[in-house]
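The sequence lines fix the lettering, A, B, ..., with proteins before strands; numbering per chain opens at 1. For clarity, every value in this text was computed on a predicted model and none was experimentally measured.
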Amino acid sequence: MLGFRVRRQALRHRRAPHRIPSNRHLPTPSMEDYLNDCILKALDAMGGAPDGFFLEFEQPANPDHGDLSCNAAMQLARHFRKSPRMIAEDIVGHLESLPLDASRISAIEVAGPGFLNFRFADAHLSDQLQQIIDAGESFGKTTTGSGKKALVEFVSANPTGPLTVGHGRNAVLGDTIANLLEWTGYDVDREYYFNDAGRQMRVLGESVRGRYMAVVNPDLPTKEIGDEGHKTVVPEPFPEDGYLGDYIEDIARELSQSAGSDLDVDGDVDVFKKAAEKQIFADIEGTLKRLGIHMDSFFNERTLYDSNRVWEIIESFREKDLAYDKDNAVWFRTTQFGKEQDTVLVKSTGEPTYRLPDIGYHADKLDRGYDLCVDVFGADHIATFPDVLDGIRSLGYDADKVDVVIYQFVTLIRGGEPVKMSTRKATYVTLDELMDEVGDDVTRYFFLMRSSNTHLEFDLDLAKEASDKNPVFYLQYAHARICSILRKASETGLDVSGSANLSLLEHPAEQSLIKVMMDLPDAMDRAAASKEPHRISNYLRDVAVAFTQFYGNCRIIGEADELAKARLQLAGAARQILKNGLCVLGIGAPERM
RNA sequence: GCGCUUGUAGCUCAGUUGGAUAGAGCGUUGGAUUCCGGUUCCAAAGGUCGGGGGUUCGAAUCCUCCCAAGCGCGCCA
């Protein structure tokens, strides 16, 4: 049954690509592959499994159930017309007569309704630990995305003001997803998409001009705008729906210093718009840099018009009868894709809505040869991005290459109460202010600790607390503590770097620590495949917990030399795991705190 | 009204893509410990997984119908 194995691989590839064993970079075949082969041999001896059947393995949540578990007997109950437990016993019988490699598997049990539970041999654990140590800072990297190019588009805030807390979640999510893709082998680019030509930007220019006029002429009359209960005094020429943030005034003041007081305030607002854009972008880039984020490219929506791309798309839609004229506008037949209404692509003014350039932009990305395009959007885009996907699909592109990550909004909590924020009233909290208050690492971590599609409650009081109630502190502290142990050990004359007899690590706390550490590559693959960075922060907490338990149970300095050296290696490996994980999250791994 | 998302312990949230007795942190209660780095460890209590029905060996997870919350439903982006 040689073809069986091949078919299984193909099936797994199609149905669950993220479950492909990720540790192919390791020299020996993974435990899963090994057991897979063995069980298939056993099943062949029992008469063979049905077509299309493939084995599934999982790590039991309960350690009493062993290290790896297989549910084949239950799935094959109907096929063999026997009870799952009997099938399981048969498989075990055949496995024992193979026999299994005792240096890898120490025990097999049949448990519960018919699970096959495998327990790893100690030698396997020390072998794994050695591999972690050898791989060092590249442990956790996988080859899942090797040879593929990915583009992560995120932030993409139009340059109308400083980044806010909401943008922060977007920025940190996008950057970390990009990191995850890099760790899993992709060649990744980070891109920022913006539009500096629309109405928003015109209002921005007018807002700056209004402030500028007041700066150069202090006697300019003023007026009040805003909602009842939240009036703001602004210069007379200030637009009714203008931007009220203080930064507008700063830009106006700088403009008056650099360009003098004679700028033409009656003509085009372009001068003011340009000045604002330049300064705001500088501000945004500064904020991103502080978060450790570097964009590879900034994509201006305007280039899609310059290249005529958007009009070509309209023509292509017309040919397919997906676009038509009505009321002087061009409509997209979104009802064809299950929407309630058609949507406008080009307004009666001749100006496209954002949807059209968005389709063009995604087509452009795919033209650039990316195998995967990740978009990070706020929840307010939730209903609109399907139109874009339908659009590019209609143009003949593979929309499955586009993966949209939606995140829900962020609420800041201070003293147990939500902090009220409104962009319009300029009462929002900027990302810089948030980082000033709680620190850069904490900011990144808090944005990453929860699944992106649930509301995030950002507890400022907890974030500022430097105790183990604060999960970031707990992780960084574990790392710093290991560094301290390593320093101290080398002071007392222990050989920190040399090799050690790792088979001395027999304590349960040592073994469970090794088992958790072995999971890093798999955790990376899962987090990358699902675009869920919070899996890594949860994983790291498990590592830190396992380390703390080891630390509480096993002494290092003061033990017999050989054991001390082995434990030092283990501690050093745990430090490396924490460091690699924190690196993916973009958070510092301090050696001292 | 329609669409998407969410609903799990007192609170904030995980839950390995359908697995075994549903987990963690905080909070509460009780106990041990004071050591390589600020303490840490152990235990207890706490749950109709929003509710009903269905699918199967097996459901927090998939399907369906209700209930509730958030977001969106513009020739704004």
>> Are Phe447(A) and Tyr407(A), when compared by the centres of their aromatic rings, separated by less than 6.0 Å?
In response: no
> Does a side-chain N or O from Gln75(A) land closer than 4.0 Å to OP1 or OP2 of G18(B), or not?
Replying inline: no
Review item, nucleotides 20-26 of chain B N/O atoms under 3.5 Å of protein N/O:
residue : atom : partner   : partner atom : Å
A20(B)  : N6   : Ser69(A)  : OG           : 3.0
A20(B)  : N6   : Asn117(A) : OD1          : 2.8
A20(B)  : N1   : Asn117(A) : OD1          : 3.3
A20(B)  : N1   : Asn117(A) : ND2          : 3.0
A24(B)  : O2'  : Arg541(A) : NH1          : 3.3

>> I need the full list of salt bridge (Lys or Arg N to Asp or Glu O under 4.0 Å) pairs touching residues 542-552 of chain A, with sequence neighbours left out, sorted by first then second residue.
In response: none
> Checking all strands, does Cys483(A) fall into the base, sugar-phosphate, or nothing category for heavy-atom contacts under 4.0 angstrom?
Replying inline: nothing
> Does a donor on one side chain sit under 3.5 Å from an acceptor on the other, for His381(A) and Asp375(A)?
Replying inline: no
> Any side-chain N or O of Arg78(A) under 4.0 Å from OP1/OP2 of C57(B)?
Replying inline: yes
>> Measuring only the P atom in each nucleotide, how far is C65(B) from G72(B)? A whole number of Å is fine.
In response: 25 Å
>> Applying a 4.0 Å non-hydrogen cut-off, can you work out what Glu340(A) is touching in the nucleic acid: base, sugar-phosphate, or nothing?
In response: sugar-phosphate
> Over how many whole Å does the gap from His79(A) atom NE2 to U56(B) atom P extend?
Replying inline: 20 Å
> Across all strands shown, which nucleotide pairs with C4(B) by Watson-Crick or G-U wobble geometry, both distances under 3.5 Å?
Replying inline: G70(B)
>> Whole angstroms only, please: what is the CZ-P distance between Phe547(A) and C36(B)?
In response: 14 Å
> Among U6(B), G37(B), U17(B), which nucleotide sits nearest the side chain of Arg481(A)?
Replying inline: G37(B)
>> Which nucleotide, if any, forms a Watson-Crick or G-U wobble pair with A43(B), using both distances under 3.5 Å?
In response: U29(B)
> Which of the following nucleotides, G37(B), U17(B), A14(B), is nearest to the side chain of Asn538(A)?
Replying inline: A14(B)
>> Does G3(B) have OP1 or OP2 under 4.0 Å away from a side-chain N or O of Lys339(A)?
In response: no
> In whole angstrom, what separates Tyr539(A)'s OH from U16(B)'s C1'?
Replying inline: 13 Å
> Base, sugar-phosphate alone, or nothing: which one does Ala523(A) contact when heavy atoms must sit under 4.0 Å apart?
Replying inline: nothing
> Taking only residues at least two apart or on different chains, which pairs with a member in residues 556-572 of chain A satisfy side-chain hydrogen bond (donor to acceptor under 3.5 Å, both in side chains)?
Replying inline: Glu510(A)-Arg567(A)
> In the strands shown, is A22(B) matched to any nucleotide by a Watson-Crick or G-U wobble pair with both distances under 3.5 Å, and which?
Replying inline: none
> Can you check the Asp542(A) CG to G15(B) P distance for me, whole Å?
Replying inline: 11 Å
>> Between Glu457(A) and Arg450(A) (salt bridge meaning N to carboxylate O under 4.0 Å), is one present in this structure?
In response: no
> Which pairs pass salt bridge (Lys or Arg N to Asp or Glu O under 4.0 Å) with one or both residues in residues 470-485 of chain A, sequence neighbours excluded?
Replying inline: none
>> Any base atoms under 4.0 Å from Tyr477(A), or only sugar-phosphate, or nothing? Heavy atoms, all strands.
In response: base
>> Quick check: Phe547(A) with Phe550(A) (ring centres under 6.0 Å apart)?
In response: yes
> What distance, rounded to whole Å, do you find between the two C1' atoms, one in A24(B) and one in A77(B)?
Replying inline: 40 Å
>> Measuring only the P atom in each nucleotide, how far is U48(B) from U56(B)? A whole number of Å is fine.
In response: 28 Å
>> In terms of relative ring orientation, are Trp331(A) and Tyr324(A) parallel, tilted or perpendicular, with 30° and 60° separating the classes?
In response: parallel
> Checking all strands, does Glu532(A) fall into the base, sugar-phosphate, or nothing category for heavy-atom contacts under 4.0 angstrom?
Replying inline: nothing
>> Ignoring hydrogens and geometry beyond distance, is a side-chain donor-acceptor pair present between Gln476(A) and Tyr445(A) at under 3.5 Å?
In response: no
> Hey, what's the ring geometry for Tyr305(A) with Trp311(A), parallel, tilted or perpendicular (30° and 60° as the breaks)?
Replying inline: tilted
> If the C1' atom of A59(B) is compared with that of C49(B), how far apart are they to the nearest Å?
Replying inline: 11 Å
> Just by protein heavy atoms under 4.0 Å, how would nucleotides 70-77 of chain B read 5' to 3' in B, S and -?
Replying inline: SSS--BSB
> Salt bridge between Asp325(A) and Arg318(A), side-chain N to carboxylate O under 4.0 Å?
Replying inline: yes
> Since syn is defined as within 90° of 0, does U17(B) count as syn or as anti?
Replying inline: syn
>> Using the P atom as the point on both nucleotides, what is the distance between A22(B) and U64(B), in whole Å?
In response: 27 Å
>> Can you measure Met449(A) atom CE to U12(B) atom P for me and round it to whole angstrom units?
In response: 12 Å
>> Please give the distance between the P atoms of U8(B) and G47(B) as a whole number of Å.
In response: 14 Å
>> Please compare Ser451(A) and Ser530(A) by the position of their nearest nucleotide in RNA chain B and report the one closer to 5'.
In response: Ser451(A)
>> Classify Ser83(A) by what it touches in the nucleic acid, base, sugar-phosphate, or nothing, heavy-atom distance under 4.0 Å.
In response: nothing
> In whole Å, what separates the C1' atom of G10(B) from that of U33(B)?
Replying inline: 29 Å
>> List the residues meeting side-chain hydrogen bond (donor to acceptor under 3.5 Å, both in side chains) with Ser484(A), not counting sequence neighbours, and say none if there are none.
In response: none
> Which base, if any, makes a Watson-Crick or G-U wobble pair with C36(B), both distances under 3.5 Å?
Replying inline: none
> Given atom CG of Asn453(A) and atom P of G3(B), what is their separation to the nearest angstrom?
Replying inline: 19 Å
> Which nucleotide, in any strand shown, forms a Watson-Crick or G-U wobble pair with G53(B), with both distances under 3.5 Å?
Replying inline: C63(B)
> Atom CD of Gln59(A) and atom P of G19(B): how far apart are they, to the nearest Å?
Replying inline: 14 Å
> Does a donor on one side chain and an acceptor on the other come within less than 3.5 Å for Gln59(A) and Asp519(A)?
Replying inline: yes
>> Rounded to whole Å, please give me the gap between CZ in Arg526(A) and P in U16(B).
In response: 9 Å
>> Between G37(B) and Arg487(A), counting only base atoms on the nucleotide and side-chain atoms on the residue, is there a donor-acceptor pair under 3.5 Å?
In response: yes
>> Give me the distance, rounded to whole Å, that separates U16(B) from G51(B) when you measure between the C1' atoms they each carry.
In response: 28 Å
